[in-house]
Asker: 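Before I ask anything, let me first share the structure, which is written out below as structure tokens.
First the proteins, then the strands, lettered A, B, ... as listed; each starts at 1. All heavy atoms count here, side chains included; hydrogens, waters and symmetry mates do not.
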Protein chains: 2
Amino acid sequence: MPASKVSKKVSIRDIGKELGISITTVSFILNGKAKEKRISEALTKKVLEFVKEVNFKPNMMAQGLRTGKSKIICLMVEDISNNLLFAQVARLIEEEAHNKGYRIIYCSTDNKKEKAIELIQLFRDRSIDGYIITPPEGIEQEIQSLLNDGIPIVLIDRNLPLLSCNHVVIDNFNSTHEAIRHLISNGFKNIALITLNSDQTQMADRLAGYVKAIDDAGLQSYVKKVDFHESDDHNISEIISFLQDNNTIDAVFFSTNYIGVWGLQAIKHLNLRIPDDIAVISFDDHDLFKFYTPSITVVAQPVPDISRHVIRLMLDALEEADPTIHEIILPAKLIIRESSMRKVVVEKHEFLK
Amino acid sequence: MPASKVSKKVSIRDIGKELGISITTVSFILNGKAKEKRISEALTKKVLEFVKEVNFKPNMMAQGLRTGKSKIICLMVEDISNNLLFAQVARLIEEEAHNKGYRIIYCSTDNKKEKAIELIQLFRDRSIDGYIITPPEGIEQEIQSLLNDGIPIVLIDRNLPLLSCNHVVIDNFNSTHEAIRHLISNGFKNIALITLNSDQTQMADRLAGYVKAIDDAGLQSYVKKVDFHESDDHNISEIISFLQDNNTIDAVFFSTNYIGVWGLQAIKHLNLRIPDDIAVISFDDHDLFKFYTPSITVVAQPVPDISRHVIRLMLDALEEADPTIHEIILPAKLIIRESSMRKVVVEKHEFLK
DNA sequence: CAATGTTGCTAAATCGTTTTAGCTTAACCT
DNA sequence: AGGTTAAGCTAAAACGATTTAGCAACATTG
């Protein structure tokens, strides 16, 4: 059997011809319908062996054309290069998807409504089997339209409350609440939140968690919102001004890791010592936070868990066409490092009074 | 014109029927062959307007089946979540590819030969139009086999010298040489290289650049190799031992950013001050290096340039079937920060002698 | 022995394009 | 008038799978 240099693709038709049987039979056997279609075991075995031998791989285009399924999942994130969370999720999803015979294409929305809508328009009717999306605000209609067509969707990182759609998010409210509680119990009194100017659920919940903890403790709240689309420098100066204007602040919670990075630069610029002058906690872990001096306390997302749930939801929806909607809320973990530890003595002192 | 809830897909056949013309004509017009095939301008215009009106999108599966082209490019990297370079390249490539009507699927090799081979086996004969690959060692055969089939390939980050294949890399030799020269001219005498235990071109060139600079200056070389697949902790202790065993070392060059991160931890563990006890330069920039105290000097890769060249090479190869092989070597940039600045006085002193 | 079932397989339609080969007209030339 | 050319379009064959409908041969039943 001479292996030609340029391997001519072998088709189901070639197999039929070679074995002297019809392509129907071959197709049935390949699709595991041998018993159902009453193909004899002998023939089944013969075909399967031959298929192995010639290393037959079905043409996905032909399969796709016939079945209407592309075996492609679209992963639509804010920016695969910006937020480590998305890259890590992408990595973990990839393997499982490949195991099930799915391939993943990706695209980035920059968290812009227009871009997301454009991308969805581009992809729909292009036989994408399912979508994993971190949705910007305002794309409810397009998502609903996909849902109406029965296309599986899993939202991730944030939810669209107007919609009834699978999603995997973390418990932003409680994890932020816990982080603020941690600061309070370490004796900090004037705790600021620096967050995104956004009404998306994940940000709204972090804000709510902050407000609840501050209110319950009878403390004053300090909230500063910055804009995702502004330049790094702009936002750093915004934070600098905010901290200068509110110089009683003795602790600050950054609601995303990139805001955390901006915040650290602002704090460095102001020559404030962490945690002596100002304590710090950031949402989302990052190498920088681990190895910064001092190391930075963070609320870490359970990335492997998130990924596992996302891909499982997607694959289940794809295979079983199960219309049940799953809303998965995972706990996040407060990783306490040096940047938030101080005034414990004061706390104990007060406690003893 | 009532828009139905579930948009029934409109096909080229529907268009022909609706307009009372043949699907051939529609196809010619849609593919811009109207003039060539002598379709009248009036009809061309009518068809194009109707196509707009009903928002017709050709079925990619059918197109793919007929033409043998999938309009899909595979991006095969080491680990999209690990090395920022890859995620950034992915991001930049994405947009340009979409503009040209291509979609990108990705997969990660973990820099393992077996995994890469398996993935290539999986994808080939699956009508992937082109491959952008950061190749592990030892996959020359599979790449050659793709090349033999005339499939466009662009290698990135490193080359496979045994093959004659498009690639986009940076000038590892000269950029490393320049970084070591910088250390030398800042008066450092015992400069170590900590690099990967790998014969891949990018690592070999970095090593060669180091050796050349050290030899030309008549200095002693200190080289430590660590293993990509070992755990973080293992490699950190390796580095710690190496620095302890060679305590005359006063500067160190890390040949990748993750080795740099390990190195910083080792240095922190040894309580060495940067740059007073030991100067530091790392390959590849990273938030951590920018904002570390002190900030870390790096050899930064020109990520946008790399991406631009990669996608242009790929698209050119896809569209024109141009068999010319392009080898693109881009300069990297030494970004001097605090971690490598010291002993300038000594240098000046010597210079004056 | 006729009717009915069962076993084991296959012919042919279909999915939505692209593309080759050609078919009508009408115009032009000599 | 007969022959050639050109303009403007189309029929039908792929591409490679899946799937519906059904055929032939044999076995079973009453």
Asker: Side chains of B:E78 and B:N82: do they bring a donor and an acceptor to under 3.5 Å?
Answerer: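 Short answer, no.
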
Asker: Quick one: which protein N/O atoms are closer than 3.5 Å to N/O atoms of nucleotides 23-25 of chain D? Pair and distance per line, please.
Answerer:
none

Asker: Could you tell me whether A:K71 sits above the aromatic face of A:Y102, with NZ or CZ closer than 6.0 angstrom to the six-membered ring centre and within 45 degrees of the axis?
Answerer: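 Here A:K71 passes the 6.0 Å and 45° test against A:Y102.
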
Asker: Over all strands shown, is A:K33 touching base, sugar-phosphate only, or nothing at heavy-atom distances under 4.0 angstrom?
Answerer: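 Sugar-phosphate only.
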
Asker: What residues from residues 23-32 of chain A pass a heavy-atom cutoff of under 4.0 Å to DNA chain D?
Answerer: A:I23, A:T24, A:S27, A:F28, A:N31

Asker: If we ignore hydrogens and angles and just use 3.5 Å, is the side chain of B:S307 paired with the main-chain N or O of B:V303 as donor and acceptor?
Answerer: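 Yes, B:S307 side chain to B:V303 backbone: donor-acceptor pair under 3.5 Å.
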
Asker: List in chain and number order the residues that pass salt bridge (charged side-chain N to carboxylate O under 4.0 Å, His left out) with B:D14, two or more places apart in sequence or in another chain; answer none if no residue qualifies.
Answerer: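 Here no residue qualifies.
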
Asker: Hey, does the side-chain of B:R66 have a donor or acceptor N/O within less than 3.5 Å of a partner on the base of D:dA14?
Answerer: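 It does, because a donor-acceptor pair links the side chain of B:R66 to the base of D:dA14 below 3.5 Å.
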
Asker: Report yes if at least one side-chain N or O of B:K37 is closer than 4.0 Å to OP1 or OP2 of D:dA7; otherwise report no.
Answerer: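 Looking at the OP1 and OP2 atoms of D:dA7, neither is under 4.0 Å from any side-chain N or O of B:K37.
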
Asker: Taking the six-membered ring of B:F28, is the NZ or CZ of B:K37 close enough (under 6.0 Å from the centre) and on axis enough (within 45°)?
Answerer: yes

Asker: Checking A:H229 side chain against A:D110 main chain: does a donor-acceptor pair fall under 3.5 Å?
Answerer: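 Side chain of A:H229 to backbone of A:D110: a pair is present.
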
Asker: Think A:Q63 has a side-chain N or O under 4.0 angstrom from the OP1 or OP2 of D:dT18?
Answerer: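 The answer is yes; a side-chain N or O of A:Q63 sits under 4.0 Å from OP1 or OP2.
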
Asker: Within less than 4.0 Å of OP1 or OP2 of D:dT10, is there a side-chain N or O belonging to B:S22?
Answerer: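 Result: yes.
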
Asker: Can you figure out which of C:dT17, C:dC9, C:dT10 approaches the side chain of A:S40 most closely?
Answerer: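 Out of C:dT17, C:dC9, C:dT10, the nucleotide with an atom closest to A:S40's side chain is C:dC9.
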
